[in-house]
Amino acid sequence: MDTDTGLLLLRLLAGLLIAAHGVQKVSFLLGGSGLAGGTEEFRHDGFRGGALTALAAGASQIGSGLLLAAGALTPLAAAGAIGVMTVALTVKWPNGLWVQHDGYEYPLVLIGTATALTLTGPGRLSADHALGLPHWPAWSAAAALALGVVGGLAARALLHHPPAPTLQAPKSL
């Protein structure tokens with residue numbers, strides 16, 4: 001196998017998994033719980049916005065995942081994937097790194113993969129190549145990573161509300 005085939009396989013794996021995760025957020029396909037289930041998942045994780053939040057997250061995952069899989073507008077696709085995975089990472093952060101403890105291992109791998117694909121370029125077996133787009137410059141990976149992380153953190157800051165403080169009975173003297 002050559003480098004282009006390897007990049008194609010990597011793009012398909014990461015991109016289609018990201019897109020499928022978005023499909024689950026907004027439908028009953030692929031084991032999803034429908035839009036109501038996606039909405040409840042976000043509410044459970046402390047996000048406001050209801051169905052609109054679930055739709056925006058699902059659409060971002062579907063769009064960025066499909067673009068990444070196709071190797072189309074790779075830096076933009078990577079920035080979108082990095083953004084939604086940054087939000088997921090912040091949700092999982094308190095649980096530590098490892099996925100068996102509901103940690104952030106998986107979102108971190110997808111962030112790294114999207115960044116690496118921007119650094120290497122999508123390869124000759126991609127929409128970018130078919131459209132004659134030049135190899136993206138190295139700074140586009142840094143820009144995709146920065147834009148994705150900042151966008152994900154901004155979405156978290158705007159939509160996440162901290163848990164309500166628990167009231168404690170006053171201590172008796």
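Basis for what follows: all heavy atoms, side chains included, without hydrogens, waters or symmetry-related copies.
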Under 4.5 Å between side-chain heavy atoms, hopping through other hydrophobics if needed: is there a path connecting I82 to L17? yes
Report the distance from atom OG of S60 to atom NZ of K25, rounding to the nearest 0.5 Å. 11.0 Å
Testing the basics here: between A144 and P75, what is the closest heavy-atom pair and its distance to 0.1 Å? CB-O, 3.5 Å
Between atom OH of Y106 and atom CD1 of I111, what is the distance when rounded to the nearest 0.5 Å? 11.5 Å
Check side chain to side chain donor-acceptor pair (under 3.5 Å) between T90 and all other residues, then give those that pass, not counting sequence neighbours. R156
Which heavy-atom pair separates T86 from G148 by the least distance, and what is that distance? OG1-O, 4.1 Å
Of all heavy-atom pairs linking Y104 and L89, the shortest is CB-CG, 3.8 Å
What heavy-atom pair brings F42 and A57 nearest, and what distance separates the two atoms? CZ-CB, 3.4 Å
With sequence neighbours left out, which residue pairs that include part of residues 121-150 fulfil the salt bridge (charged side-chain N to carboxylate O under 4.0 Å, His left out) condition? D2-R124, D4-R124
Would a distance-only check, ignoring hydrogens and angles, find a side-chain to backbone donor-acceptor pair under 3.5 Å from S140 to P137? yes
Connected via hydrophobic side-chain network under 4.5 Å: W98 and L108: yes
Checking R43 now: which residues fulfil side chain to side chain donor-acceptor pair (under 3.5 Å) with it, not counting sequence neighbours? none
Decide yes or no on side chain to side chain contact (heavy atoms under 4.5 Å, CB included) for S33 and E40, but give the supporting numbers first. CA-CA 9 Å; S33 301; E40 182 54 36; over 6 Å; no
I need the full list of salt bridge (charged side-chain N to carboxylate O under 4.0 Å, His left out) pairs touching residues 92-114, with sequence neighbours left out, sorted by first then second residue. K92-D102
Linking I/L/V/M/F/W/Y whenever their side-chain heavy atoms sit closer than 4.5 Å, directly or via other members, would L147 and V87 fall into one cluster? no
Could you pull out all residues at least two apart from I18 that satisfy side-chain contact (heavy atoms from CB on, under 4.5 Å)? Q61, S64, L68, A81, L110
So, the side chain of H160 versus the backbone of D45: is there a donor-acceptor pair under 3.5 Å, distance only? yes
Count I, L, V, M, F, W, Y as connected when their side-chain heavy atoms are under 4.5 Å apart, and connections chain through other members. Are L52 and F47 then in the same cluster? no
Path from L10 to L145 over hydrophobic side-chain contacts below 4.5 Å: yes
Where do W136 and P122 come nearest, in terms of heavy atoms and distance? CD1-CD, 4.5 Å
Donor-acceptor check, side chain of T53 to backbone of R48, threshold 3.5 angstrom: yes or no? yes
Kindly determine whether H21 and Q24 satisfy side chain to side chain contact (heavy atoms under 4.5 Å, CB included), including the steps that lead there. CA-CA 5 Å; H21 196 73; Q24 289 179 322; 3.7 Å; yes
What distance do T113 atom OG1 and M85 atom CE have between them, rounded to the nearest 0.5 Å? 11.0 Å
Could you go step by step and tell me if T3 and T120 meet the side chain to side chain contact (heavy atoms under 4.5 Å, CB included) rule? CA-CA 10 Å; T3 302; T120 62; over 6 Å; no
Output the rest of the hydrophobic cluster of L125: all Ile, Leu, Val, Met, Phe, Trp and Tyr residues reachable through side-chain heavy-atom contacts under 4.5 Å, sorted by chain and number. L8, L12, L16, V23, V26, L29, L30, L35, L55, I62, L66
Heavy-atom closest pair (A72 atom, A77 atom, distance to 0.1 Å) is O-CB, 3.9 Å
